[in-house]
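In what follows, a structure is listed as C-alpha cells, so that the remarks can point back to it.
Side chains included, hydrogens not; waters and symmetry mates left out as well; all remaining heavy atoms used.
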Amino acid sequence: MSKTLSTISIFFLSGVAGLIYEVLWMKQLGLLFGSTAHSAAAATAAFFLGIAAGSYFWGRRLTGLSQPLKLYGWLELGIAATAIFFFAMYTVWDLLFPHFYAAFGAFPTALTLLKLLIAMLLICPASFLMGGTLPVM
C-alpha cells in the first residue's frame with residue numbers, strides 16, 4: 001500500500017512541476033511574442049504536441065520493461081535538463097533576435113511563424129519526455 005501511495009505522490013508532484021513549467025514557459029514566451037495571447041497559444045500548442053508525441057512514442061516501447069520506475073526517473077531527469085535548456089536557449093535567442101528582426105521585420109507573418117517555431121523547439125523536448133511519464137507509470 002505504501003509503495004502505491006508513494007508512486008502516486010511522485011506522479012502527482014511531477015504533474016504539479018509540469019504545470020509550473022508551462023506557466024513559466026508562457027511567461028517567458030510573452031516576452032518573445034510581446035503578447036500574452038500569442039504566448040499562451042504557442043506554449044499550450046507546443047506543450048500538448050510534445051505530451052501527445054511523447055505518450056505515443058514511450059507507450060509503444062514499454063512492452064517487457066523490467067524496471068519502469070528507473071525509466072521514470074530518467075524521464076524526470078531529462079525533463080529537468082530540457083527545462084533548464086529552455087532558459088539557456090532563451091538567453092541565446094535574446095542575442096539572435098535583432099538579426100532575425102532585421103531579416104524578417106518587414107514580414108510580420110514570417111516573424112511570428114519564426115517565433116512559433118522557436119517556441120516549439122524550446123518546449124517540445126521537455127513536454128515530449130513529460131508525455132512518457134504517464135505510460136511508464
Side-chain angles (χ1 to χ4, degrees):
M1 179 71 176
S2 70
K3 185 176 181 179
T4 303
L5 184 59
S6 63
T7 303
I8 291 170
S9 299
I10 290 169
F11 193 63
F12 174 77
L13 292 174
S14 171
V16 169
L19 291 175
I20 291 170
Y21 284 136
E22 186 177 10
V23 169
L24 291 173
W25 290 331
M26 272 195 260
K27 189 91 164 145
Q28 286 298 113
L29 291 177
L31 299 173
L32 171 68
F33 282 96
S35 165
T36 305
H38 290 142
S39 67
T44 303
F47 187 74
F48 283 116
L49 176 70
I51 291 279
S55 182
Y56 177 78
F57 176 84
W58 293 104
R60 295 184 54 88
R61 285 160 178 75
L62 292 176
T63 55
L65 188 65
S66 62
Q67 295 179 325
L69 195 56
K70 186 176 181 179
L71 176 59
Y72 184 84
W74 282 110
L75 286 171
E76 288 294 336
L77 288 173
I79 292 166
T82 54
I84 291 169
F85 174 78
F86 172 90
F87 292 105
M89 292 312 300
Y90 195 86
T91 304
V92 171
W93 170 253
D94 283 341
L95 298 173
L96 295 176
F97 182 73
H99 303 290
F100 286 121
Y101 187 78
F104 297 105
F107 310 100
T109 303
L111 188 60
T112 301
L113 289 174
L114 176 66
K115 290 177 184 179
L116 180 62
L117 177 65
I118 296 296
M120 292 286 179
L121 291 173
L122 291 175
I123 293 175
C124 280
S127 62
F128 177 81
L129 296 174
M130 285 178 193
T133 57
L134 180 60
V136 170
M137 217 12 112

Go through the structure and list residues passing ring pair (Phe, Tyr, Trp, His ring centres under 6.0 Å) with F104, not counting sequence neighbours.
none

Kindly write out the residues that satisfy ring pair (Phe, Tyr, Trp, His ring centres under 6.0 Å) with F100, not counting sequence neighbours, or none if the list is empty.
W93

Atom of [X], atom of [Y] and distance for their closest heavy-atom approach:
X: G78; Y: L129; result: C-CD1, 3.3 Å
X: C124; Y: L49; result: SG-CD2, 3.9 Å
X: L71; Y: W58; result: CD1-CZ3, 4.1 Å
X: I79; Y: T82; result: O-OG1, 3.1 Å
X: L29; Y: A43; result: CD1-CB, 3.9 Å
X: M120; Y: A45; result: CE-CB, 3.9 Å

Linking directly or through intermediates, with side-chain heavy atoms under 4.5 Å: list the remaining ILVMFWY members grouped with L121, chain and number order.
L117

For K70, give me all partners under side-chain contact (heavy atoms from CB on, under 4.5 Å), at least two apart in sequence or on another chain.
Q67, W74

Partner set under side-chain contact (heavy atoms from CB on, under 4.5 Å) for F57, not counting sequence neighbours:
R61, F128

Path from [X] to [Y] over hydrophobic side-chain contacts below 4.5 Å:
X: I8; Y: M130; answer: no
X: L111; Y: V92; answer: yes
X: Y56; Y: L65; answer: no
X: L75; Y: F12; answer: yes
X: I84; Y: M26; answer: no

Distance check, rounded to the nearest 0.5 Å: L134 atom CG versus M137 atom CE?
9.0 Å

Distance in Å, F47 CZ paired with I123 CD1, rounded so as to fall on 0.5 Å steps:
9.0 Å

Do the ring planes of W25 and Y21 sit parallel (below 30°), tilted (30 to 60°) or perpendicular (above 60°)?
parallel

More than 12 foreign heavy atoms under 6.0 Å from CZ of F87: is that the case here?
yes

For atom CG of L113, decide whether the heavy atoms of other residues, nucleotides or ligands shown that lie under 6.0 angstrom number more than 12.
yes

Side chain of T44, backbone of A41: donor and acceptor closer than 3.5 Å?
no

Are the side chain of S55 and the backbone N or O of A52 linked by a donor-acceptor pair below 3.5 Å?
no

What residues form a side chain to side chain donor-acceptor pair (under 3.5 Å) with Y72, not counting sequence neighbours?
S14, E76

